[in-house]
Amino acid sequence: MTEVNPAFVLQSIKNVSFENRDIPKLRDSHDVRVHIERTGICGSDVHYWQRGRIGDFILTSPIVLGHESSGTVVEVGNKVKNVKVGDRVAIEPGVPCRYCDHCRSGAYNLCADTVFAATPPWDGTLQKYYIVASDYCYPIPSHMNAEDGALVEPVAVAVQICKVANLRAGHTVLVFGCGPIGALCQAVAKAYGAKKVIGVDISSSRADFAKKFAADGVYVPQHDSSPPAGPVEASRAMAEKIVAEFDLGEGADVVLECTGAESCIQAGIFAAKKGGTYVQAGMGKENVVFPITTACIRALNVKGSIRYTTGCYPAAVDLVASGKVNPRSLITHRFKFENALEAFELVKKAQEDTLKVVIQGVV
């Protein structure tokens, strides 16, 4: 029988199916074909499934879902030098044009012509075989398993967030969100020598995990029987409580916002010290009430972070390989490929006991 390429395909909004596609062919002599072994589910995958768009990226035709993956190289182009057949690799899912000013400066996360897995109109990695440029495959050592390799992707996201923050040894760091990205930012910050890392989350179970995983302390907002007048003042009050409780002096040197929640965005600005850095990584509502006067008066460095730039993936592989960051401990659920829809349904529920969900590849 001729071998096929099973794929988990988003046909249209809220409509997914399994397809047996043709085995993908190398597009040029620098490509490789990878047998996908593990794929983590990201919130963006669920977002496309449920809403069909993220910003300017709009679903107009079917795409294969998935972009957090690892696997084994099974075919290489004749100009490939960095990997060979049989190598186990972590796959960086976005391959930029390489020629624009952003790419040439190393900020290829800003390239408008990036081919990014599972971002319309490009297919993702939830299929048996995936074609990718060889230099966006990173060999992983033998002591890292396929799950470690797949979760290099969210670790790289955390590396980029800390890079944008210019995070340094000795910094005090406040991270809003103890989900996968927030927890990984806390771990990367500690690996980079942060003096104190505090996590914030409304979920007690996630906060408890973060405390065991990497955070020096965690804060879970409590219901206030007599809240300040207005939501912005409530956010200011929460920030002041956090700064006081964890002895952050005039405020945190670095604030990493990984939730996208309006109240956390506001509290993050109020909790940052004068001249400190605030990085927005979480995506929630497109427009929020923002305390811009406080940001100006405190001369804050307010930045946004998206995906990864030059050096982030190799750094992420090194952090995982060295044991300084252990993303595998975030995995709460594992599914076989044929149960991919069940896995997506679980992630959509956003339950407190669900952190990272991983799908096994087609054998």
Side-chain angles (χ1 to χ4, degrees), residues 5-8 23-42 45 64-96 98 108-109 114-119 122-160 184 307-328 330-331 334 337 356 358-363:
N5 186 40
F8 186 62
I23 303 297
K25 292 179 170 55
L26 301 183
R27 294 162 298 197
D28 64 39
S29 56
H30 293 282
D31 277 349
V32 299
R33 178 161 57 99
V34 180
H35 180 189
I36 301 297
E37 295 176 0
R38 293 292 187 279
T39 299
I41 299 179
C42 174
D45 295 312
V64 177
L65 290 168
H67 65 270
E68 299 179 2
S69 291
S70 67
T72 299
V73 176
V74 295
E75 183 183 3
V76 301
N78 59 21
K79 292 185 179 179
V80 173
K81 297 180 180 179
N82 65 309
V83 294
K84 63 184 182 303
V85 170
D87 282 353
R88 300 165 57 251
V89 296
I91 300 170
E92 183 170 354
V95 179
R98 308 169 190 270
Y108 57 78
N109 57 335
T114 296
V115 175
F116 201 94
T119 296
W122 308 109
D123 283 334
T125 54
L126 272 172
Q127 50 187 315
K128 183 171 184 178
Y129 296 115
Y130 182 69
I131 303 296
V132 64
S134 60
D135 53 330
Y136 282 73
C137 287
Y138 301 84
I140 59 176
S142 59
H143 67 274
M144 283 176 62
N145 68 16
E147 292 180 342
D148 296 324
L151 298 187
V152 165
E153 196 277 345
V155 176
V157 171
V159 169
Q160 170 68 7
L184 289 172
R307 295 176 180 168
Y308 7 76
T309 54
T310 297
C312 288
Y313 242 81
V317 171
D318 289 344
L319 285 168
V320 178
S322 67
K324 293 178 180 177
V325 177
N326 180 22
R328 199 193 316 171
L330 275 72
I331 299 173
R334 296 170 172 87
F337 181 80
K356 202 67 191 172
V358 172
I359 298 174
Q360 182 178 335
V362 180
V363 179

Under 3.5 Å donor-acceptor, [X] side chain and [Y] backbone:
X	Y	result
N109	T309	no
N326	G323	no
S70	A146	yes
D87	P139	no
S134	H30	yes

Matching residue for [X] among [options] - test: side chain to side chain contact (heavy atoms under 4.5 Å, CB included):
X	options	value
V325	L151, V155, D148	V155
V132	T125, V95, V73	V95
C137	V80, V89, V76, D31	V89

If you round to the nearest 0.5 Å, how far is [atom2] of [Y] from [atom1] of [X]?
X	Y	atom1	atom2	value
E75	I23	CD	CD1	10.0 Å
R307	Q160	CZ	CD	11.5 Å
C42	L65	SG	CG	11.0 Å
T39	F8	OG1	CZ	11.5 Å
E92	E153	CD	CD	8.5 Å

Considering all heavy atoms, the nearest [X]-[Y] contact:
X	Y	value
S29	N78	CB-OD1, 3.0 Å
P141	R88	O-NH1, 3.2 Å
A90	Y313	CB-CE2, 4.4 Å
R98	A133	NH2-CB, 3.5 Å
N5	Q127	ND2-OE1, 2.9 Å
A156	Y308	CB-CD2, 3.7 Å

Problem - Test side-chain contact (heavy atoms from CB on, under 4.5 Å) applied to R33 and L26, step by step - result: CA-CA 7 Å; R33 178 161 57 99; L26 301 183; 4.1 Å; yes
Exercise for the section: Test side-chain contact (heavy atoms from CB on, under 4.5 Å) on I36 and L126 and set out the steps. Expected result: CA-CA 8 Å; I36 301 297; L126 272 172; over 6 Å; no
Exercise for the section: Tell me, please, which residues at least two apart from D28 pass salt bridge (Lys or Arg N to Asp or Glu O under 4.0 Å). Expected result: none
Exercise for the section: Go through L184 and V157 one step at a time and tell me if the side-chain contact (heavy atoms from CB on, under 4.5 Å) criterion holds. Expected result: CA-CA 9 Å; L184 289 172; V157 171; over 6 Å; no
Handout entry: Pair Y129-H35, side-chain contact (heavy atoms from CB on, under 4.5 Å): steps then yes or no
Key = CA-CA 5 Å; Y129 296 115; H35 180 189; 3.9 Å; yes
Problem - Under-4.0 Å salt bridge between E147 and K356 - result: no
Practice task
Could you check if a side-chain atom of S69 sits within less than 4.5 angstrom of a side-chain atom of Y130, using non-hydrogen atoms only?
Solution key: no
Handout entry: Validation row: D45, H67 side chains within 4.5 angstrom (heavy atoms)
Key = yes
Exercise for the section: Could you check whether the rings of Y136 and Y108 sit parallel, tilted or perpendicular, using 30° and 60° as the cut-offs? Expected result: perpendicular
